[in-house]
Enquirer: 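The structure that follows is given in the form of structure tokens.
Just so you know, residue 1 is the first one in the sequence shown, and it goes up from there. All values below come from the heavy atoms of this structure, side chains included, with hydrogens, waters and symmetry mates left out.
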Amino acid sequence: MDTRAGLDRINELGQRDHFLAVAITQRRSGEPAASVVNAGVLDHPVTGEPVVAFVARGRTAKLTHLRRTPAATLVFRAEWEWIGVSGSVELAGPDDPLEGIDAERLRVLLRDIYHAAGGVHPDLEAYDREMVADRRTAVLITPEHFTSNPSGADHQEDE
């Protein structure tokens, strides 16, 4: 599956189930760690290339894992259909500076990710304040590998 088709499939399934995804990171021991996030597809704020992104609360195990091993997998599903995307990770946040992202650009990026993941907020200024208070970080995944179960097939994995 090419990148565009994979990202389109993520958007299709995401819209059907609130853009919920299981995020898989790696613990220090090498074991996987799983959590549920809202994630969406958008353009990288610096390169303009498409990424899959979510927002993580500061000081979490998930961020500790991603700082140590900057790679993740997200699995989106709707009913029995699913797609997984894996790739390298970049972080942008108050504890994870990313070149080209200042405080104002981070504020906009966190909003952009929220909207890409289907979020609608009645008071975006309150949303911004909450993001700062929680030391929220943008997690940007470059799609490198897709796995899915397309209609009519049990399983498909791209090499």
Side-chain angles (χ1 to χ4, degrees), residues 1-28 30 32-78 82-121 124 127-148 158:
M1 175 178 308
D2 71 21
T3 300
R4 177 63 5 215
L7 296 175
D8 288 347
R9 186 72 170 144
I10 286 170
N11 278 327
E12 176 193 340
L13 294 179
Q15 289 174 11
R16 290 171 45 197
D17 195 24
H18 311 285
F19 287 92
L20 290 172
V22 174
I24 309 296
T25 59
Q26 188 176 37
R27 292 183 174 98
R28 182 181 308 275
S35 58
V36 177
V37 299
N38 288 97
V41 175
L42 70 154
D43 291 338
H44 190 286
V46 177
T47 69
E49 294 298 314
V51 294
V52 184
F54 64 91
V55 176
R57 191 171 343 113
R59 301 180 195 89
T60 59
K62 180 177 14 252
L63 286 176
T64 299
H65 300 161
L66 291 170
R67 288 178 186 123
R68 186 178 46 252
T69 307
T73 297
L74 294 180
V75 179
F76 294 81
R77 60 157 289 284
W82 60 271
I83 185 165
V85 58
S86 300
S88 58
V89 168
E90 290 179 281
L91 303 175
D95 301 316
D96 299 282
L98 180 63
E99 189 173 332
I101 306 294
D102 61 13
E104 175 59 17
R105 184 63 188 109
L106 178 60
R107 182 188 68 78
V108 172
L109 176 59
L110 295 174
R111 281 187 184 189
D112 289 348
I113 294 169
Y114 179 70
H115 293 306
V120 178
H121 200 285
L124 286 173
Y127 174 84
D128 294 340
R129 287 190 299 274
E130 184 70 21
M131 297 299 101
V132 170
D134 282 350
R135 302 192 69 73
R136 298 286 177 122
T137 296
V139 178
L140 309 170
I141 302 168
T142 299
E144 297 166 0
H145 181 84
F146 293 92
T147 306
S148 68
D158 294 340

Enquirer: Below 4.5 Å, heavy atoms only, C-beta onward: do I141 and V89 meet side chain to side chain?
Expert: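 Yes, their side chains come closer than 4.5 Å.
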
Enquirer: For R67, which residues count as a salt bridge (Lys or Arg N to Asp or Glu O under 4.0 Å) partner, sequence neighbours excluded?
Expert: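 Partners of R67 under the salt bridge (Lys or Arg N to Asp or Glu O under 4.0 Å) test: D96.
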
Enquirer: For Q15, enumerate each residue passing the side chain to side chain donor-acceptor pair (under 3.5 Å) test, keeping only those at least two apart in sequence or located in another chain.
Expert: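 Partners of Q15 under the side chain to side chain donor-acceptor pair (under 3.5 Å) test: none.
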
Enquirer: Flag the pair H115 / L124 as yes when at least one side-chain heavy-atom distance between them is below 4.5 Å, and no otherwise.
Expert: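 Yes, side chains in contact.
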
Enquirer: Quick one: which residue pairs count as a salt bridge (charged side-chain N to carboxylate O under 4.0 Å, His left out) with a foot in residues 131-145, not counting sequence neighbours?
Expert: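 Qualifying pairs, neighbours excluded: D95-R135, D134-R136.
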
Enquirer: Can you list the steps and then say if L140 with L98 is a side chain to side chain contact (heavy atoms under 4.5 Å, CB included)?
Expert: CA-CA 11 Å; L140 309 170; L98 180 63; 4.2 Å; yes

Enquirer: If every non-hydrogen atom of T137 is compared with every non-hydrogen atom of G93, which pair is closest and at what distance?
Expert: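 Closest heavy-atom pair between T137 and G93: OG1-CA, 3.9 Å.
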
Enquirer: Search all heavy atoms of P143 against all heavy atoms of T3 and return the closest pair with its distance.
Expert: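 In this case the closest contact between P143 and T3 is CG-CG2, 4.0 Å.
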
Enquirer: Does R57, at its CZ atom, have more than 12 non-hydrogen atoms belonging to other residues, nucleotides or ligands within less than 6.0 Å?
Expert: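 No, the 6.0 Å shell around CZ holds no more than 12 heavy atoms from other groups.
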
Enquirer: If the condition is salt bridge (Lys or Arg N to Asp or Glu O under 4.0 Å), which residues does R4 pass it with, not counting sequence neighbours?
Expert: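 D8.
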
Enquirer: How would you list, by chain and number, every residue that makes a side chain to side chain contact (heavy atoms under 4.5 Å, CB included) with A5, sequence neighbours excluded?
Expert: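 Once residues adjacent in sequence are excluded, the partners of A5 under the side chain to side chain contact (heavy atoms under 4.5 Å, CB included) criterion are M1, D2.
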
Enquirer: Considering residues at least two apart in sequence or located in another chain, which fulfil the side chain to side chain contact (heavy atoms under 4.5 Å, CB included) criterion with A71?
Expert: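 For A71 there are no side chain to side chain contact (heavy atoms under 4.5 Å, CB included) partners, ignoring immediate neighbours.
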
Enquirer: Sequence neighbours excluded, which residues qualify as side chain to side chain contact (heavy atoms under 4.5 Å, CB included) partners of R129?
Expert: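 Testing R129 for side chain to side chain contact (heavy atoms under 4.5 Å, CB included), a comparison that skips the adjacent residues, returns D123, E125, A126.
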
Enquirer: Just jot down the side chain to side chain donor-acceptor pair (under 3.5 Å) partners of T142, sequence neighbours excluded, or say none.
Expert: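 Scan of T142 (side chain to side chain donor-acceptor pair (under 3.5 Å), adjacent residues dropped) gives none.
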
Enquirer: Show me the pairs that pass salt bridge (charged side-chain N to carboxylate O under 4.0 Å, His left out) and involve residues 100-111, at least two apart or across chains.
Expert: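 Every salt bridge (charged side-chain N to carboxylate O under 4.0 Å, His left out) pair that includes a residue of residues 100-111, provided the two are not neighbours, is E104-R107, R105-D112, R107-D128, R111-D128.
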
Enquirer: Would you please name every residue forming a side chain to side chain donor-acceptor pair (under 3.5 Å) with T25, sequence neighbours left out?
Expert: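 Side chain to side chain donor-acceptor pair (under 3.5 Å) check on T25 returns H65.
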
Enquirer: Identify all side-chain donor-acceptor contacts of residues 35-45 below 3.5 Å with residues at least two apart in sequence or on another chain.
Expert:
unit_1	atom_1	unit_2	atom_2	d
S35	OG	K62	NZ	3.0
N38	ND2	H18	O	2.8
H44	ND1	V46	N	2.9
H44	ND1	T47	N	3.2
H44	NE2	E90	OE1	2.7

Enquirer: Atom CG in D17, atom CG in L20: separation rounded to 0.5 Å?
Expert: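 If I round to the nearest 0.5 Å, the distance is 5.0 Å.
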
Enquirer: For F19, which residues count as a ring pair (Phe, Tyr, Trp, His ring centres under 6.0 Å) partner, sequence neighbours excluded?
Expert: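 By the ring pair (Phe, Tyr, Trp, His ring centres under 6.0 Å) rule, F19 matches no residue at all.
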
Enquirer: Just one of L91, V52, I113, V55 clears the side-chain contact (heavy atoms from CB on, under 4.5 Å) bar with V139, so which one?
Expert: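 In the set L91, V52, I113, V55, the residue that makes a side-chain contact (heavy atoms from CB on, under 4.5 Å) with V139 is L91.
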
Enquirer: Measuring from L74:CG to I83:CD1, what's the distance to the nearest 0.5 Å?
Expert: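 The CD1 atom of I83 is 11.0 Å from CG of L74, to the nearest 0.5 Å.
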
Enquirer: Let me confirm one number: the CD1-CZ distance from I10 to F146, rounded to the nearest 0.5 Å.
Expert: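 One finds 5.0 Å between CD1 of I10 and CZ of F146.
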
Enquirer: Calculate, to the nearest 0.5 Å, the distance between atoms CZ and CG belonging to R9 and N11 respectively.
Expert: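 So the CZ of R9 and the CG of N11 are separated by 11.5 Å.
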
